[in-house]
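See below for the structure under consideration.
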Amino acid sequence: EPVNNVASAAGVARVPANTSVRAARTPVGHPARTQPESSDIPYGMPPHIDPPYGVPLVAEVVPKKSAAPIPPPPPVPTQRPGPLPYSVSICTPIPTASTTAQGQQPKRKGGPLSNSGSSSLPGAFQATNRRFLTTTSIPNCSVCNQAATSFLATLDKKFHPNCFRCVGCHQVIDSSGPFAFMTDERGEKNPLHRQCYSELYGVKCAVCMESIPAGADGKISYVKHPFFDTEQMCPKHASNPGRRCSGCHRFEPIGDGFADLGDSNRCVCYSCCRSVVVDSEDAKPLWDSVISFMEKKLRLPIWQDMRNVPILVVGFDALNDQLQNSSHAGSSQIMTRGLCLSEHQSGRRFEVPRLTFDKNRKSFRPRDVEAKGYTYFQVPDADKINPDSSVTAILCLSGLPSDLTASVLAHEATHAWIKLHPSFDIAEPIPPMVEEGCCQLMALLFLNDGLKPASLAIHDDKGPSDAKLRQYFKFSIETDDNEIYGTGYRQAAKAYANIGIEALLSHVVLYKEFPET
């Protein structure tokens, strides 16, 4: 085994290579004892310590120090379904610590280094030989750097009780209970009152803009948007949540509200307003893009009536009125987004908004002042050859951003494709989970591959970029836990991955079920 030879007045000691050597001053005739100031000596270098008082040097075998333990990871927030639609409840522990009081002022007689007095310093800070007691045996306060014979030990530091202050408000922290701390860029931990931590580094409510305080258990509880990280809300607002954006479901802040649609108390955030669709004329180009995507990229046959079907952007009430007379009555997803009109709905007349968003006023105004921003539409008669399976109009909810509107139209275009398929039998309806799952699949495919790349720019409203909004719309489809829309989408996506889109849709039309994969 490799060794190091260490010469000393007491002879030669053979030391294993996996250890280090430190020298200790030991009175002649006494066993070796360790001095606090001893140091590791590199291999191949003899110790060079001038022993006072004629004390010889002896070699002492000391195991190498083990690596510092890795600190445990911070507590993981708990998450559960929230009290509101499109929300989750979060409980986040704040980083806390406690103190340990150590040391008392030693009683002194005759002088500061006298050994005639009694000392209650912890053993780790007492010199081995009281005759050589020096001020280096007493730790210094990490704040004032003065000797601390009575101190608080915490955060890997020593503090005078009066120096143990919050780095936020600079007031003394009560050491009898837990406190918060933050870690700076150098990796050092600094104490904070828990309330100060909440104010400086905690969670801000997106509704009232106030810091969400920590509870008595040291945890911060709040309601959060399932996708946007900064959309957090005080639990107190859950019982009276106010409005949310019709497009991205972000919370409307108090005092600086979103743009009002003037339709069933709905509003749109200014991020979604950048491309909001509130007029049927703006929806028609999106429909044409959907049809082109289905025909050219997915290579689906496009039935004749799909190209010229009326595309109508309507208000919430008009959509619900038509919904009650369709086979999708009771479906909350269809109620809030769109509808494919066909089944015995010809001749119905309803109001259609014609608005535009005024960026300067941050509000909607009528596109046609004389008509006060509205017109009317009457559903045309169905195809006389097969009136039950004809598509008479496509309805889409107003006030949605362009990408979301396009995905809704892609969803409804799939309904139309199925209903206009030559083999479709109105007498044998397709189970909702099967048909809606295929429609959600088409919506996601269009968001993925049917649109131009979205902008990553962050605008003056400090809200999400267009790319982030599009990502949320895809996230909503992929993570939907609704049995009809969520489970249906995932089964449709699995079948699509195996056999392709045309084979999937044709199988659904013929056999009213997903193919076995």
Side-chain angles (χ1 to χ4, degrees), residues 290-291 293-295 297-307 309 319 322-346 379 382-396 407-446 476-478 480-517:
V290 169
I291 297 302
F293 172 76
M294 295 174 69
E295 182 177 29
K297 287 197 174 182
L298 300 184
R299 300 188 180 280
L300 286 171
I302 299 300
W303 320 124
Q304 181 177 356
D305 290 349
M306 289 182 65
R307 299 184 188 278
V309 63
L319 187 63
Q322 297 301 317
L323 179 70
Q324 302 308 316
N325 300 288
S326 76
S327 61
H328 298 292
S331 170
S332 61
Q333 288 279 343
I334 287 291
M335 182 188 303
T336 57
R337 295 295 166 88
L339 184 64
C340 179
L341 296 185
S342 61
E343 302 156 15
H344 306 290
Q345 294 168 304
S346 61
V379 179
D383 188 332
K384 302 303 181 183
I385 299 175
N386 189 0
D388 290 333
S389 65
S390 292
V391 175
T392 55
I394 299 293
L395 305 187
C396 182
S407 72
V408 172
L409 293 178
H411 178 111
E412 299 306 327
T414 311
H415 281 301
W417 192 95
I418 291 173
K419 294 179 184 301
L420 294 173
H421 192 285
S423 300
F424 178 74
D425 186 357
I426 188 65
E428 297 183 20
I430 300 172
M433 186 177 73
V434 176
E435 184 169 349
E436 298 298 342
C438 291
C439 294
Q440 288 292 80
L441 171 64
M442 184 65 71
L444 185 71
L445 291 176
F446 187 75
S476 299
I477 296 174
E478 293 173 325
D480 194 341
D481 59 1
N482 180 276
E483 182 179 2
I484 292 177
Y485 293 88
T487 304
Y489 157 74
R490 285 180 280 277
Q491 292 191 20
K494 182 179 179 180
Y496 164 71
N498 288 322
I499 64 174
I501 191 66
E502 183 176 4
L504 168 62
L505 295 181
S506 297
H507 183 97
V508 166
V509 170
L510 293 173
Y511 301 105
K512 320 297 181 186
E513 63 182 7
F514 288 122
E516 295 183 2
T517 55

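- Here NZ of K494 is found 12.0 Å from CD1 of I499. Values are rounded to the nearest 0.5 Å.
- Looking only at distances, a side-chain donor or acceptor of W303 sits under 3.5 Å from a matching main-chain atom of W417.
- Atoms CG and CD, from L395 and E412 in turn, are 8.0 Å apart once rounded to the nearest 0.5 Å.
- Here the shortest heavy-atom pairing between L409 and C396 reads CD2-CB, 4.1 Å.
- By the 4.5 Å heavy-atom criterion applied to side chains, L445 and Y496 are counted as neighbours.
- Once rounded to the nearest 0.5 Å, the distance linking CD1 of I418 with OG of S506 reads 10.0 Å.
- Closest of all the heavy-atom pairs between C439 and T414 is SG-CB, 3.7 Å.
- Scanning both residues, A413 and V290, for their nearest heavy atoms gives CB-CG1, 3.8 Å.
- Residues S423 and L510 come closest through the heavy atom pair CB-CD2, 3.6 Å.
- To the nearest 0.5 Å, the span separating CE on M433 from CG on N482 amounts to 10.5 Å.
- E436 contributes no side-chain N or O that, together with a main-chain N or O of Y485, makes up a donor-acceptor pair within less than 3.5 Å.
- Contact of the M294 side chain with the F446 side chain is not registered, since no non-hydrogen atoms from C-beta on lie closer than 4.5 Å.
- Proximity of F514 to C438: side-chain heavy atoms (C-beta onward) are separated by under 4.5 Å at one or more points.
- Contact annotation: the side chain of I501 approaches that of L441 to within less than 4.5 Å [non-hydrogen atoms, C-beta and beyond].
- Across all non-hydrogen atoms, the minimal contact from L504 to P515 is CD1-CD, 3.7 Å.
- Side-chain contact between M442 and L300 is present, with heavy atoms from C-beta onward closer than 4.5 Å.
- The minimum heavy-atom distance linking A492 with G437 is given by the pair CB-O, 3.5 Å.
- Partner H507 forms a side chain to side chain contact (heavy atoms under 4.5 Å, CB included) with one of E516, E513, K512 and no other, that one being E513.
- When side chains are defined from C-beta on, I394 does not count as touching H415, because their heavy atoms never get closer than 4.5 Å.
- The shortest side-chain heavy-atom distance between H421 and P301 does not fall under the 4.5 Å cut-off.
- Between Q440 and H411, the closest side-chain pair of non-hydrogen atoms falls below 4.5 Å.
- Taking CE of M306 as the reference point, atom CD of E295 lies at 9.5 Å (rounded to 0.5 Å).
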